[in-house]
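This report refers to the structure that appears directly beneath it.
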There are 2 protein chains.
Amino acid sequence: MAKEAAGRARPGRAPAPAGRRARPRQAEVARLAGVSQATVSLVLSGRDLATGRPISAETRAKVLDAAHSLGYVPDPAASRLAAARNNLLGVFSFTATFPTDVRHSYYPFLVGVEQEAAAQGYDLVLFTGSSTGGAGAGGAGALNRVRLADGCLFLGRHAPADELRRLVADDFPVVHVGRRDEPEGLAWVGADYVSASREVVTALAGLGHRRVLLVREDDDAPASTDRERGFLDGLVDSGLPAGSDAVFRSGDPRHDLTADRVRAWVAEGVTAFVAEETDTGAAWRALRAAVDEAGLDCPGQVSLALLGSPPADLADEPAPMGFDIPRPALGAEAVRLLAARIAGGPAEGTLVACAFRPGATAGPPPAP
Amino acid sequence: MAKEAAGRARPGRAPAPAGRRARPRQAEVARLAGVSQATVSLVLSGRDLATGRPISAETRAKVLDAAHSLGYVPDPAASRLAAARNNLLGVFSFTATFPTDVRHSYYPFLVGVEQEAAAQGYDLVLFTGSSTGGAGAGGAGALNRVRLADGCLFLGRHAPADELRRLVADDFPVVHVGRRDEPEGLAWVGADYVSASREVVTALAGLGHRRVLLVREDDDAPASTDRERGFLDGLVDSGLPAGSDAVFRSGDPRHDLTADRVRAWVAEGVTAFVAEETDTGAAWRALRAAVDEAGLDCPGQVSLALLGSPPADLADEPAPMGFDIPRPALGAEAVRLLAARIAGGPAEGTLVACAFRPGATAGPPPAP
DNA sequence: CGCATTACCTAATGCGCATTAACGAGTAAT
DNA sequence: ATTACTCGTTAATGCGCATTAGGTAATGCG
């Protein structure tokens, strides 16, 4: 393995790619402090104190001073390559981040993420779904860019299962935001729709309602399924009939949910309606419209509830009974879980409780 | 530089950190394809075609096959280390980033930043003012953390001049969001308040107003100065008197701007009032309140305009005439400028045009 | 006073990839 | 046949950092 002693050429890197050469390396710090690069590494990583590796206070000070005066910052790529960590947490979003309607869900989440990340000593790397930067080509291995960070959060329903699976299989710390069973061993955090929905139904029952109807769309996402389950659980808990006629499922609520139909239900004894929350809020909109058109007074003659938050454009209307997804809390919890994963913790799923919202659309049922 | 031939120890890395060892390296691909690692790198990066470095089709195919069958994905950390750049753009905010009131200005900006960054092939690193991650201590050299990125955007008025100066002096690519003259050679992007303000005045003049008054706070930030200049320019352009009595400056508009004073101005012939925009919106609030209290009908008896966007809590009132800062555009422009800086471009300042907003608070002056 | 500690520090090495001088094999030109 | 190239591929090297076996004073012990 001896090197050729002869005067071979020296390939390697070109001297200086012109750009900025200002960023100081550990070597410069070492030179300035009059020590070796290894010592600089030891001091700056604090590994000396932690592992009982003795470094004299004088040397420490010299190194620290030199590093500070040079404005030294470790190169994250190098740290990472050297099998350490870089205090960077990735955030990869699959949803279109930009349309205005997402503003209301993505940002609050980010607030929580940022706060908790800061608390844990991490900075954030925002990976953009459409970005083609970095190594792999745009579409295919785009997800691999995240490996630069110590771990990564994934947002949005459309995370490609196979790529995620690969990451998980390689034991790269990943946390998905939103319940997800797909890749085995994937950690996730999600809102507890089941409990929150149950609570809404319980509140309605507590007000005296005996017949409650759920209006939901024709979608089998976990978010929908969970809400229905919670709804039915709530009915059962309150001793109310939870048959299949307690749920009205429609692929197009705007057309199927007519005023006539609402009147018919009311005639049958239904006094409260519950709508699931979706991206578009179609079920809720249809319900409101139908009730209005049927000439029914909302808190007076029928009670309404929404299993989630109202769409942004209806924010100025009186708040419906329902619950709010604690997005900042969700973000914070995701970060906590991710940090735990990075530290070697298990890949578990975590539910975060939603906040019940009494609202102004529910009251006692009308006297018979 | 000859290596010690003697049987020295071999320190280096521990054999295998247990965890993820499954990921194939270029070396494995090379072995499977029966070529060298260098060839794999050349083929996979496509650098052979680009730089005219010829690689036989046969070899290419062998390498590609091997890579595919092994599920090879490049390690971004290694790529970035070897390439001396990391395709990371920093975003450092000095304002409290996440408190609710900033929500409305920070996020739209970030939208533009992210979009343009993605387009340019960069990912984003969000540095948090309070985060203590990384090497340097928290408070003092916190700004140095940003050096981990290829360049950095700075938001907020309170960027410490000396630290910024240091970065600029080291030729670290920096772009400040908001006009700024402080550190010589600092690149910045800002909204063109001068033109936008002038446009508002011109619109008012076009409606027939001959006496227009600017209400501003007692602050000499560029943002305020620019607005005043644009205001005065607009008056001059329209052949209106632009004396010092066209501007009312107050350290505390809430107390100084009374209904009586407004009545007096109106009696003197003032038919339109313009308020500058500030963080708190104090001038605009005071103006609205005083006009209301004076019992003046807004579009009818006096016209009002705001040099900027109304504060978030007044978003539901009728939109005032004025202009909107195109925050996404500003963000995008900032990224473009930063990318140019990284590529070795000059440190220039750039203005982005604001969008005129007709609003509903201005009309023709009342007949005399 | 000689040898074993102890306290501090440094040399050497590799992580995975990109880069480039150089080399071997053809092929064309002299 | 020797030189002059072109083509295709490889060996060697380093990016910046972390890691660890030693080395070298300074100190302890009998």
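We name chains A, B, ... by the order of the sequence lines, and we start the count at 1 in each one.
Nearer the 5' end of DNA chain D, as judged by each residue's closest nucleotide, is the contact made by B/Ser36, out of B/Ser36 and A/Asp75. Along DNA chain C, the nucleotide nearest A/Ala38 and the nucleotide nearest B/Gln26 are compared for position; the residue whose nucleotide lies closer to the 5' end is A/Ala38.
Rounded to whole angstrom, the span from the CZ atom of A/Arg145 across to the C1' atom of C/dC17 amounts to 18 Å. In this structure, CD of A/Glu58 is placed 13 Å from P of D/dA26, rounded to the nearest angstrom. Put simply, CG on B/Asn87 is 16 Å from C1' on D/dC15, counting in whole angstrom units. Rounding to whole angstrom units, NZ of residue A/Lys62 and C1' of C/dC9 are separated by 11 Å. In this structure, A/Arg147 atom CZ and C/dC17 atom C1' are separated by 15 Å, rounded to whole Å. Regarding B/Leu81, its CG atom lies at a distance of 9 Å from the C1' atom of D/dG14, rounded to whole Å. Atom CG in A/Leu42 sits about 9 Å away from atom P in D/dA18, given to the nearest Å. Atom CD1 in B/Ile55 sits about 15 Å away from atom C1' in D/dT6, given to the nearest Å.
In this structure, B/Glu28 does not pair ionically with B/Arg25, as no charged nitrogen and carboxylate oxygen lie closer than 4.0 Å. Ion pairing between a basic and an acidic side chain is recognised when a charged N comes within 4.0 Å of a carboxylate O; B/Glu163 and B/Arg166 show no such pairing. Salt bridge annotation for A/Asp65-A/Arg60: absent, with no cationic side-chain nitrogen under 4.0 angstrom from a carboxylate oxygen.
For B/Ala82, whose side chain is taken as the heavy atoms from C-beta onward, the closest listed nucleotide among C/dC9, C/dC17, D/dT10 is C/dC17. Residue B/Thr39 has its side chain nearest to D/dT9 when only D/dC17, D/dT9, D/dG14 are considered. Of the candidate nucleotides D/dG16, C/dC17, D/dT10, C/dC17 has the atom nearest to the side chain of B/Gln37.
Panel note: side chain A/Thr39, backbone A/Val35; no donor-acceptor pair is recorded below 3.5 Å. Side-chain atoms of B/Ser79 come within 3.5 Å of backbone N or O of B/Asp75 as a donor-acceptor pair.
For the pair A/Thr59 and C/dC8, the criterion of a side-chain N or O lying under 4.0 Å from OP1 or OP2 is not met. Phosphate contact (OP1/OP2 of D/dT19, side-chain N/O of A/Ser41, threshold under 4.0 Å): absent.
No engagement by A/Val40 is indicated, since no non-hydrogen atom pair under 4.0 Å with the nucleic acid exists.
Here the straight-line distance linking atom CG of B/Leu167 with atom CG of B/Leu186 works out to 9.5 Å at 0.5 Å rounding. Within the model, atoms CD of A/Glu116 and CG of A/Leu338 stand 11.0 Å from one another, a figure rounded to the nearest 0.5 Å.
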Pair pattern of DNA chain D in dot-bracket, where unpaired bases get dots and | marks partners in another strand, Watson-Crick or G-U under 3.5 angstrom: ||.|||||||||||||||||||||||||||
